[in-house]
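Remember, predicted model here, so these are calculated numbers, not experimental data. These values consider heavy atoms only, across backbone and side chains, with no hydrogens, waters or symmetry-generated copies. Order of the sequence lines fixes the chain letters, A, B, ..., with proteins taken first and strands second; residue numbering starts at 1 for each chain.
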Amino acid sequence: MYRSHNCGELRASHSNTEVTLSGWVQGIRDKGFMIYLDLRDRYGITQLYFDEERTSKDLMEKASKLGREYVIQVKGTVVERASKNPNIPTGDIELLVSELTILNTSLVPPFTIEDKTDGGDDVRMKYRYIDIRRNPVKNSLILRHKVAQAVRNYLSNEDFIEVETPYLIKSTPEGARDFVVPSRMNEGQFYALPQSPQTFKQLLMVGGMDKYFQIVKCFRDEDLRADRQPEFTQIDCEMAFVEQEDILNTFEGLTRHLLKEINGVEVEKFPRILYDDAMRLYGNDKPDIRFGMEFGELNDVTQHKDFGVFNSAELVVGIAVPGGNKFTRKEIDNLIKWVKRPQVGALGMIYSRCNDDGSFKSSVDKFYDQEDLAKWAEITGAKAGDLVCVLSGDKNKVRAQLSALRMELATQLGLRKPNEFAPLWVMDFPLLEWDEDTERYHAMHHPFTSPKPGQLELLDTNPGEVKANAYDLVLNGNEIGGGSIRIHDKATQAIMLKHLGFSEEEARAQFGFLMDAFEYGAPPHGGIAFGLDRLVAILGGQETIRDFIAFPKNNSGRDVMIDAPASIDDEQLKELSLKLNLKQ
RNA sequence: GGUCUGGUAGUUCAGCUGGUUAGAAUGUCGCCCUGUCACGGCGAAGGUCGCGGGUUCGAGUCCCGUCCAGACCGCCA
């Protein structure tokens, strides 16, 4: 028996009992006559105590030679401390050690195992197994477990069945790049790893599985971000015999349950906003609504004067920055510099200060009088003490730019509070999106999304205007879930694929199995998928998902711990009938 | 594919307009310390300044290239 108790559970009530503990040496305070040692495991820290009066000379010697992160087992007596530590749960007691076994030694770790470690991301990733011993990472993984557990409980109680779907599937042309796996037994052919179990869950609906969910790995070979990994986990869900409203209600229920269970937060009915309105008011299809700062469109009150920049713009749009009038000239210049960065791409920024006495001072006073500026303030909702920031240009671009500025300002002003939760449904996404590169439309959500009733005809005349039965769940400015009502009849699916540029043969080759299934009694169905990594991170008050994944990849998709990806040897290539054709 | 920021001791960082022997904190090691818990005190060791080239009497510092890391844009149905 390695332990009778863990390192987080002993209390004063255990005094004078003999116990055995095992764990890692967190730190040693060697005072010469006595030695204090913090023993750590997943559950906490217990102080071990050795002193010259009661501890044998050999044992003192042995204890003083221990190093950080040694794995040890100790036997001893629980005693109440002479000086207690109110900061830790086990602070009332310590263990007077009588036996010490070194289970394993350790090199000096490259960074400290503390909540605020001195280690940078690089080292921490390389020694992830050490990093996991730290509270923030450990607790993030525990939080993830709790969320997954709560999801399984909630959905199981709602009669959902968790079904596994295959990882070795077929590559499809739509969507993200696939990770591809060569098949040894089928020379020259490849599996692809699923970007999501989309078609399989639809086939489960045809199979009568009615309510399905799965917590499942998905794979996309695209460039990474702080909130994007090449392999990530979805809570994938699908229901048959449902309309959009049924799905929204079911998964609003799930999300509300999680917020309550995990964060103790009660949320009102989730607001809903149309995609077009989200773009107009926030310039963004995943608006953070924890703070106001809604867009005010200013064309009508800016294009009547001689200011050419505004007059030639498709859209002039501004936001009110709360308390922004306190910004110095230099701070505003920095904002202007910020929006001109290539990543944002604005050509400039016009501003108007809203003074406390009700007057305005703008960077374009030459062109606009107080009356004009008062209208800007009114339309953007600016009050005395605020700052109105105005961008202009091409509608889509300027919205994206102002949205970036809005988020940056909110971050700077501390308006994005991690313990505040503002969920939001964004509805009625466009069905199709124009792709500049390939010069054709592609599905904004995916090719199986159904158009709004009665809009099928619009596909021929004005495809960009067709709206879909598609919805996203947004939490604090992050898309945490998205789904749609699917097409469930062969004819409509064929029309969709035709508009996406598939010939009949291509459609047959790629999606024949689905079209076939639709001919054998496919029920109306729809669903949603949540990004578990992102969801957990946000519930944990973070926007970087890496700490919520036990073994994440870095920015370039590398696992720096195991050093993957890596070359394989010629023998393996030969077996797979593969030949490399490397650049340069 | 692009933009920006960074790479100096085990670790986190400082190092100005180029100028003696590249510093601090922390960690490590040694000695001391009878109630510590971020223990304390004294001392010591620890550096190809990412790599390659260039400018210069002289480069951690300036220039060019390159590699690596992070954030973002493109991309991510």
Would the number of heavy atoms belonging to other residues, nucleotides or ligands and lying under 6.0 Å from [atom1] of [X] be above 12?
X       : atom1 : value
L413(A) : CG    : yes
K397(A) : NZ    : no
K126(A) : NZ    : no

To the nearest angstrom, how far is [X] atom [atom1] from [N] atom [atom2]?
X       : N      : atom1 : atom2 : answer
D227(A) : C73(B) : CG    : P     : 9 Å
I545(A) : A71(B) : CD1   : C1'   : 15 Å
N85(A)  : C39(B) : CG    : P     : 11 Å
M34(A)  : U36(B) : CE    : C1'   : 6 Å

Next on the checklist: At 4.0 Å (heavy atoms only), tell me whether K337(A) reaches a base, stays on the sugar-phosphate, or touches nothing.
Outcome noted: nothing
Next on the checklist: Applying a 4.0 Å non-hydrogen cut-off, can you work out what T172(A) is touching in the nucleic acid: base, sugar-phosphate, or nothing?
Outcome noted: nothing
Taking donor-acceptor contacts at under 3.5 Å, does the side chain of [X] reach the base of [N]?
X       : N      : answer
R29(A)  : G35(B) : no
R81(A)  : U36(B) : yes
R228(A) : C75(B) : yes
E94(A)  : G35(B) : yes

Item to check | Rounded distance [0.5 Å steps], CD in Q26(A) versus CZ in R68(A) | outcome: 8.0 Å
Checklist entry - Does S556(A) place a side-chain N or O at less than 4.0 Å from the phosphate oxygens OP1/OP2 of A69(B)? => result yes
Item to check | Check ion pair K553(A)-E231(A) (N to O, under 4.0 angstrom) | outcome: yes
Checklist entry - Are E504(A) and K498(A) within salt-bridge range, i.e. N to O under 4.0 Å? => result no
Name every donor-acceptor pair, under 3.5 Å, that has one atom in a side chain of residues 86-95 of chain A and the other anywhere in the protein, sequence neighbours excluded.
| residue | atom | partner | partner atom | Å |
| --- | --- | --- | --- | --- |
| N87(A) | ND2 | N85(A) | OD1 | 3.2 |
| T90(A) | OG1 | I45(A) | O | 2.5 |
| E94(A) | OE1 | Q47(A) | NE2 | 2.9 |

Checklist entry - For RNA chain B, which residues in residues 130-140 of chain A have a heavy atom at a distance below 4.0 Å? => result none
